[in-house]
Each structure stands twice: as C-alpha cells, then as structure tokens.
Amino acid sequence: MNRLPALLATLALLLAGCADARSGTLGPAPRAAEPGSASAPVTGPTALPGTPTDVPGPTATRSTAPATPPRTGTPSPAGSGSVTVQLWFARAGVVVPTRRTRPTTVATSRLALAELAAGPTSAEAAAGLATLVPAGVEMVRIAEGTATVAPPESFADTDARTLRLRRAQVVWTLTQFPTVRRVAFAGSGVVLARTDLADLLAPIVVTEPAIGQRVAGPVTVAGTADVYEATVSIRILDGNGRVVGTGFTTATCGSGCRGDYRGGVAYRLANAGPGTVEVYEVSPRDGSRTHVVAVPVLLAATA
C-alpha cells in the first residue's frame with residue numbers, strides 16, 4: 001500500500017510521454033531526386049572541340065517537355081489585344097514553323113489560313129521559307145476534333161509531292177489549336193492528322209527562337225528532333241559568323257524516334273546586332289555538323 005503513490009506517479013509520467021509523442025508529426029522523410037527529374041544534376045562536357053576560349057562552354061540541359069507532346073505549338077497571347085499563332089511553311093521539301101503576332105480575333109483559325117496564303121516575311125523568305133497554300137482556303141467548321149476546310153478548285157492542280165506539302169502546311173498550322181486534331185479537305189475525301197505527315201518534318205525542327213526574333217542571353221532554343229542519342233547541339237554566331245556561344249541539350253526521345261527538346265545557351269557579344277542560332281546534330285561517324293537548322297535573329301549585347 002505504501003508503494004501505491006509511487007506507482008501512480010510513474011503511470012502519470014508514462015501517459016504524459018505518450019501524449020507528447022502524439023502531439024505532432026515530422027512528415028515524410030526527404031528523398032533524393034530521381035534520375036531524370038528536374039532537380040537531378042545533369043552532367044556533360046564543359047567545352048566542345050574548337051570552342052573559342054572567350055566563349056562560354058556548352059552546358060547540358062534536360063528537356064522538361066512531355067515525352068509524347070500532341071502539338072509543337074499552341075496559340076498564345078502576346079500582349080493586350082494581340083495573339084501569336086504558329087505558321088508552317090515549306091522549305092527544301094519539308095515543313096518548318098515560324099510565328100506571327102496579330103490583333104486578337106475570335107476567328108484565329110481563319111487568321112492562320114490567311115497568313116499562310118500571304119506567305120513568308122522578307123526575312124523568312126531570305127531563310128528559304130515559302131508558301132504553297134493559295135488564297136481562298138476557307139474554314140467551314142470545327143467539330144469533334146476535325147477542322148473542315150474548303151480549298152479553291154485549283155488547290156489540287158499540282159504534282160503529288162507539292163500537293164502533300166501544301167496540305168501539310170494547312171494540317172500542321174491548324175492542329176496547333178487544342179480543338180483540332182485532324183483536317184478534312186472538303187470535296188476530296190482526304191482527312192489528315194499530324195501523324196500522317198510526320199515524314200515531312202526535318203530531323204531537327206526549331207520552334208524557338210523564330211526567324212528575326214530579338215533574343216538575349218541565355219537564348220532559349222526549343223523544338224523537336226530525331227537525332228543520334230537524342231543530343232541536340234547549338235551554337236550562336238554573330239553577324240560576322242564568329243561563334244559567340246555554344247551548348248547542347250537532350251530531346252525526350254532520339255535515334256529513331258522524335259522527342260521534344262529545350263535548352264538555354266549563353267553567349268558573349270559586346271554590341272547588339274544580327275546573328276544566327278544554329279541547331280544541329282554531331283555526326284557519330286566523323287564529328288561533322290549535320291541536319292543544320294540556321295535561324296537568323298537579332299542578338300542583344302551582353303556587356
């Protein structure tokens with residue numbers, strides 16, 4: 001009986017300790033970044049053969065785009081009262097993208113078709129872009145993922161290769177819109193999606209920057225590619241053709257499949273002026289630059 005107070009005191013202390021243990025939680029333990037995640041380190045060479053010593057070395061960046069993106073571009077606001085649309089023009093037997101910023105309209109698909117017919121700007125034409133789409137292609141309706149267009153009678157009056165490129169311009173341009181997955185050409189029975197025309201893409205497609213765009217370092221370079229080991233190489237040249245920046249990034253797929261890529265490349269330039277962003281594949285056979293896409297831009301000074 002004399003030990004009862006001591007036992008009661010011990011029991012009280014034990015209950016108090018349990019109550020403290022239940023009063024909060026530390027949450028889940030932190031985990032290391034998984035390989036391939038945005039926070040995982042990405043390693044790569046710090047210099048390319050032939051890189052000038054006054055040029056920042058290339059940095060490896062990992063694309064964070066979806067592995068199987070349904071579209072390479074989406075119309076986006078470019079400021080109050082304006083909209084930016086992606087246009088696909090023809091060059092050397094393939095279709096390539098560029099952009100237009102125009103006043104906002106509710107009929108954005110009609111705007112895109114009109115811009116295709118109007119053709120490239122002088123800077124785009126100098127870079128080899130051309131349009132095969134004649135004036136008079138009308139938007140009929142968009143329903144259940146299909147955009148129906150009514151081309152003029154002369155639309156099909158050409159050879160099979162040119163007709164396919166012409167249709168590809170329309171299909172790749174209209175399917176940038178979330179409501180459009182395929183295009184039906186009225187009067188012909190032809191219905192096409194991007195997958196039906198994927199062979200009309202170059203191994204490297206550059207969606208950013210656009211031809212003639214003003215850029216500042218680091219320059220964001222993005223697009224899609226099907227290249228060796230998914231490695232997309234980039235260099236920036238000034239108006240005299242001197243390399244002022246180099247880098248590389250990786251696509252979400254490569255060597256037999258097309259994936260998205262995105263990377264930032266720094267450069268050094270004392271005075272603003274014209275320049276070129278070159279995106280290319282390094283040949284595994286001899287180290288030469290292959291599948292080169294040259295995008296003329298206006299470079300901001302970095303000094």
Side-chain angles (χ1 to χ4, degrees), residues 65-66 69-91 94-143 145-152 155 165-185 192-198 200-202 205-215 220-224 260-262 277 293 295-298:
R71 286 152 179 73
T72 56
T74 303
S76 58
S80 178
S82 61
V83 64
T84 297
V85 295
Q86 190 179 77
L87 305 176
W88 289 77
F89 288 118
R91 180 173 62 191
V94 297
V95 288
V96 295
T98 188
R99 294 198 297 268
R100 289 285 186 282
T101 299
R102 294 291 183 261
T104 299
T105 173
V106 295
T108 316
S109 56
R110 289 186 173 88
L111 168 67
L113 289 174
E115 292 293 333
L116 279 184
T121 64
S122 56
E124 292 164 348
L129 276 63
T131 188
L132 303 174
V133 177
V137 179
E138 299 291 340
M139 176 61 67
V140 178
R141 64 182 176 275
I142 299 175
T146 300
T148 301
V149 298
F155 190 87
L165 276 169
R166 181 174 289 171
R167 285 172 171 159
Q169 280 190 249
V170 175
V171 171
W172 279 86
T173 296
L174 291 183
T175 52
Q176 75 185 281
F177 302 106
T179 54
V180 180
R181 296 189 299 275
R182 66 193 73 86
V183 177
F185 294 85
L192 297 169
R194 285 190 170 190
T195 52
D196 301 313
L197 301 161
L200 293 180
L201 295 179
V205 172
V206 180
T207 57
E208 190 175 356
I211 293 172
Q213 182 178 336
R214 292 180 180 272
V215 298
T220 297
V221 184
T224 68
D260 279 15
Y261 68 86
R262 175 176 290 271
V277 175
V293 179
V295 182
V297 296
L298 298 175

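When Val170, Leu192, Thr148, Ile142 are each tested for a side-chain contact (heavy atoms from CB on, under 4.5 Å) with Val183, only one passes: Val170.
Side chains of Pro134 and Arg166 form a contact here, defined as non-hydrogen atoms less than 4.5 Å apart. Residues Leu113 and Thr173 fail the side-chain proximity criterion, which asks for heavy atoms closer than 4.5 Å.
Judged as a salt bridge (charged side-chain N to carboxylate O under 4.0 Å, His left out), the pairs with a partner in residues 94-107 (not counting sequence neighbours) are, in order, Arg100-Glu115, Arg100-Glu124, Arg102-Glu115.
Atom CG of residue Leu87 and atom CG of residue Leu111 lie 8.0 Å apart, to the nearest 0.5 angstrom. Distance CZ/Arg194 to CG/Leu201: 8.5 Å, rounded to 0.5 Å. Considering OG1 of Thr98 and CZ of Arg91, their distance stands at 9.5 Å, rounded to 0.5 Å. For the atom pair Glu208 CD and Gln213 CD, the distance stands at 6.0 Å (nearest 0.5 Å). Rounded to the nearest 0.5 Å, atoms OG1 (Thr108) and CG (Leu174) are 11.0 Å apart.
Smallest separation of non-hydrogen atoms from Val95 and Ala168: CG1-CB, 4.0 Å. Of all heavy-atom pairs spanning Trp172 and Ala198, the tightest one is CZ2-CA, 4.4 Å. Minimum interatomic distance between Thr207 and Gly223 (heavy atoms only, all atoms of both residues): OG1-CA, 3.5 Å. Closest approach of Thr175 and Arg182 over heavy atoms only: CG2-N, 4.0 Å. Looking at every heavy atom in both residues, Ile211 comes nearest to Ala127 through CD1-CB, 3.7 Å. Nearest heavy atoms, Arg181 versus Ala193: O-CB, 3.6 Å.
Side-chain N or O atoms of Thr131 include none that pairs as donor or acceptor with a backbone N or O of Ala117 at under 3.5 Å. A donor-acceptor pair under 3.5 Å is formed between the side chain of Gln169 and the backbone N or O of Trp88.
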